[in-house]
Amino acid sequence: METGYRVNLMICGGTGCIASGSLKVKHALQEELAKRGLEKEVNLVLTGCNGFCAQGPIMTVYPEGIFYEKLKPEDIPVLVEEHFLKGRPVERLMYKEPEKKSTLPVMKDIPFFNLQVLRALRNKGLVDPEKIEEYIARDGYQAAAKVLLEMTPEQIIKEVKESGLRGRGGAGFPTGLKWELCNRVPGELKYILCNGDEGDPGAFMDRSVMEADPHVVLEGMIIGAKAIGASKGYIYVRAEYPLAVQRLQLAIDQARAYGLLGENILGSGFNLDIEIYQGAGAFVCGEETALMRSLEGKRGMPIPRPPFPAVQGLWKKPTVLNNVETYANIPPLILHGAQWFRSLGTEKSTGTKVFALTGAVNNIGLIEVPMGIPLRKVIYDIGGGIRKGKKFKAVQLGGPSGGCIPENLLDTPVTYEDIVQTGAIVGSGGMVVIDDSNCMVSVAKFFLEFTTDESCGKCPPCRIGTKVLHDKLVDITEGRGQPGDIELLQDLCGDVINCSLCGLGQTAPNPILSTIRYFRDEYESHIHDKWCKAGVCRTLTTFYVDPETCKGCGACARVCPQKAISGERKKPHEINQELCVKCRSCYETCKFGALKIGPGRLRGELIARAREKELKGVEQA
Amino acid sequence: MPKLTVDDLKKIKEEYKSTFTLREGGYRAKITVHMGTCGIAAGAREVMNALMDEMAKENIKDVIVTNSGCAGFCSREPMATVEMLNHAPVKYQLLNPEKIRRIFKEHVQGGKVVDEFALVAGSETSY
Ligand SMILES: Cc1cc2nc3c(=O)[nH]c(=O)nc-3n(C[C@H](O)[C@H](O)[C@H](O)COP(=O)(O)O)c2cc1C
């Protein structure tokens with residue numbers, strides 16, 4: 001900012017503000033300042049884009065930092081006289097009260113932060129993940145010391161069982177019980193494994209924990225190892241997570257150097273070493289038996305259970321596999337006890353859960369909330385509501401194994417038992433918010449495309465079943481749906497669920513079943529009316545202008561990449577259907593709701609009508 | 001490095017608390033750049049480089065610069081947290097090299113929070 005001036009005016013010269021007239025405003029300011037003899041006192045600067053384009057043209061006044069919005073040349077004489085001559089800022093042109101602008105909100109006032117409780121993520125953004133000492137300074141390895149020196153395996157298991165902690169990897173199996181089963185199996189050599197495969201599309205909970213706080217994973221595994229009597233551990237991480245692999249490896253090296261891994265840890269006589277195994281990133285390798293085959297160097301395919309891994313797992317030795325987030329919950333649980341752990345959450349779903357909140361919400365991010373919080377709070381308070389003024393349609397939980405939850409069930413508390421009632425699952429924590437510009441049949445198709453690709457092919461119900469289901473959905477979205485398809489889909493889904501070998505096939509139909517359950521009308525209109533009312537499936541969509549509502553502003557014509565829209569100013573516009581590629585641009589642009597989505601066959605009718613009109617015109621001439 | 005005992009663990013805890021919690025270390029500020037995958041993808045490395053450059057230029061010794069994982073608000077990355085001695089930490093959002101340079105000058109050196117880039121003050125609730 002230049003000195004010598006009493007006031008600095010930063011007027012935005014970004015494309016958005018120029019379009020809304022900031023150059024005219026600047027010009028008016030120059031004139032007015034000259035008229036009042038203020039050029040020497042008031043400095044006028046054209047800046048780059050301020051980011052508040054919607055409020056443009058905008059101008060910030062320093063030193064006060066007052067922010068004016070939506071300025072017009074007509075406002076300038078008053079503004080100059082009042083503010084720059086008389087020193088009285090003009091409230092009606094301000095974006096916010098100046099006091100508000102200068103008081104920074106505090107976390108306890110912002111729902112994105114104040115509804116969260118950090119347990120698994122308690123070190124996120126606080127410690128340097130590459131320094132073991134910082135982890136130790138935040139009570140790191142205290143819980144490991146406690147179990148190694150003061151607790152028996154039975155005491156550990158009792159504490160974890162009482163806490164009610166359930167596996168965070170998807171199935172929600174009680175962790176204490178899993179440890180107890182393995183503890184009871186005799187064996188010289190047992191393995192403790194960590195599942196960092198994280199194959200759900202859109203999920204990044206585990207990656208964040210491994211990147212932000214790698215030592216908590218190691219500490220959780222040490223505690224689990226003591227509980228079951230394991231002496232060797234592996235962390236299975238997909239190779240697509242290079243930063244996680246690097247930080248985990250560094251953490252392992254540091255822990256070994258300090259003797260927190262290796263022999264006689266902390267002088268307790270307990271031995272454990274941990275290695276990383278990088279997976280190639282196949283969804284099925286997140287399934288426990290497939291993961292173990294992959295670790296053995298074989299092709300990652302599941303095997304039937306029993307025998308359960310607790311009895312015969314990796315290299316046929318008793319093995320426990322837990323998820324990254326499950327392990328991250330263990331150290332604080334041991335330090336503070338089962339009752340503390342249960343102080344959050346509900347009777348059957350205790351503690352907190354981390355979610356990767358993505359999709360059509362304003363605030364995208366990684367959040368940790370007490371279990372039992374209603375979905376609505378997560379989406380509207382933490383997520384800040386739906387983006388770009390669209391309407392909420394559904395929230396997808398549990399990824400390709402999960403389902404969609406509609407508006408009228410948004411008060412469902414996030415617990416294992418309540419979410420299952422809706423047909424979705426808590427899953428590993430993917431939470432994708434879907435707005436009304438999405439077609440639910442297409443959403444189901446997206447997940448089935450994923451599971452069809454990722455099916456390992458070992459068992460026919462999954463290999464063939466997912467393919468047939470996907471083909472059927474493609475048919476429906478491309479206009480080849482037939483009466484009875486919905487029932488056929490439901491039947492087939494049941495077969496795939498009942499006959500598949502592992503969790504992949506057993507859950508892959510869920511996205512179809514849940515979208516049929518809540519959005520059956522969309523399937524029906526696709527099948528019977530060949531009409532995708534969301535305008536997503538192109539063969540089942542015709543965009544047209546409703547002449548009654550169209551104001552003739554021409555906005556749609558300007559965005560159309562095909563130049564398919566024409567019309568006189570202030571007269572209803574029309575789409576040339578032969579040129580239209582159904583890109584939606586006009587639909588998204590129209591502010592008056594004049595663009596409508598009709599069924600696919602309408603296109604033909606409109607083309608015929610247009611040709612007829614043309615012919616008549618020729619005949620008349 | 002020697003194998004640790006439980007007492008060593010306690011010693012490290014006490015020692016390190018002071019080096020990374022400002023209080024006893026004689027530091028007056030701590031700047032944490034959030035370098036998770038999301039942050040790095042959004043440009044956190046450039047932000048960190050600019051900050052290190054600013055530190056070197058001014059020959060600053062009493063400010064801790066460190067990196068950490070994802071701050072959780074991925075749509076606002078790159079983010080950094082500035083904690084001045086005896087003040088609540090302030091989180092800055094949507095950073096770039098120019099912005100962090102200004103934050104360094106105005107907040108860390110000048111003691112005035114740069115409102116335009118700030119997201120929020122305070123720390124999250126743990127446990
Ligand atoms: C197809 C499929 C993929 C899975 N992917 C993962 C995964 O990426 N991460 C994970 O922790 N669990 C995954 N699971 C669940 C694991 O089989 C297992 O239940 C879990 O790792 C156990 O840990 P937990 O009890 O701590 O949740 C998957 C299951 C199936 C059927």
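In what follows, chains are A, B, ... by sequence order, proteins preceding strands, each numbered from 1. These figures come from a predicted structure and were not determined experimentally.
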inquiry  = Could you check whether atom CD of B/Glu58 has more than 12 heavy atoms from other residues, nucleotides or ligands sitting under 6.0 Å from it?
reply    = yes

request  = Under 4.5 Å, heavy atom to heavy atom: which of residues 36-53 of chain B reach chain A? Give them by number, or say none.
outcome  = B/Gly36, B/Thr37, B/Cys38, B/Ile40

inquiry  = Nearest 0.5 angstrom please: A/Asn264 CG to B/Lys3 NZ, how far?
reply    = 9.0 Å

ask   = Rounded to the nearest 0.5 Å, what separation is found between the CD atom of A/Glu211 and the SG atom of B/Cys70?
value = 8.0 Å

ask   = Do A/Pro129 and B/Asn67 touch side chain to side chain, with heavy atoms closer than 4.5 Å?
value = yes

request  = Name the region of A/Phe204, side chain, backbone, both or neither, that has any atom closer than 4.5 Å to a heavy atom of chain B.
outcome  = side chain

query = Using a cut-off of under 4.5 Å for heavy-atom pairs, which of B/Ala71, B/Ala88, B/Pro89 has the most such pairs with chain A?
reply = B/Ala71

Side chain, backbone, both or neither of B/Met35 within contact of chain A (heavy atoms, under 4.5 Å) = both

ask   = Who among B/Leu119, B/Leu94, B/Thr32 has the most heavy-atom pairs with chain A under 4.5 Å?
value = B/Leu119

ask   = What do you reckon, is NZ of B/Lys57 surrounded by more than 12 foreign heavy atoms closer than 6.0 Å?
value = yes

query = Using a heavy-atom distance cut-off of less than 4.5 Å, which residues of residues 362-370 of chain A contact chain B?
reply = A/Asn362, A/Asn363, A/Ile364, A/Gly365, A/Leu366

inquiry  = Looking at every non-hydrogen atom in both residues, tell me the closest pair between A/Phe112 and B/Gly72 and how far apart they are.
reply    = CZ-O, 3.9 Å

request  = Answer whether the closest heavy-atom distance between the side chains of B/Thr5 and A/Leu266 falls below 4.5 Å.
outcome  = no

ask   = B/Val90 versus chain A, heavy atoms under 4.5 Å apart: side chain, backbone, both or neither?
value = side chain

ask   = Side chain, backbone, both or neither: which part of A/Arg247 has a heavy atom under 4.5 Å from chain B?
value = side chain

ask   = Between atom NZ of B/Lys10 and atom CG of A/Asp139, what is the distance when rounded to the nearest 0.5 Å?
value = 11.0 Å

ask   = What is the ring orientation for B/Phe73 with A/Phe113, classed by angle as parallel under 30°, tilted 30 to 60°, or perpendicular over 60°?
value = perpendicular

inquiry  = For A/Leu260, which atoms come within 4.5 Å of any heavy atom of chain B: side chain, backbone, both, or neither?
reply    = side chain

ask   = Quick one: are A/Arg138 and B/Lys13 in side-chain contact, heavy atoms under 4.5 Å?
value = no

query = CG of B/Leu9 to OH of A/Tyr258: how many Å apart, nearest 0.5 Å?
reply = 9.5 Å

key: Part of A/Leu357 within contact of chain B (heavy atom distance under 4.5 Å)   = neither

request  = Test B/Thr66 against every option in A/Leu126, A/Val127, A/Asp128 by the side-chain contact (heavy atoms from CB on, under 4.5 Å) rule and name the one that passes.
outcome  = A/Asp128

task = Check each atom of B/Val6 against the heavy atoms of chain A and say whether the ones under 4.5 Å are side chain, backbone, both or neither.
result = both

ask   = Where on A/Tyr241 is there a heavy atom nearer than 4.5 Å to chain B: the side chain, the backbone, both, or neither?
value = neither

ask   = Does any heavy atom of chain A fall under 4.5 Å from the side chain of B/Ala118, the backbone, both, or neither of them?
value = both

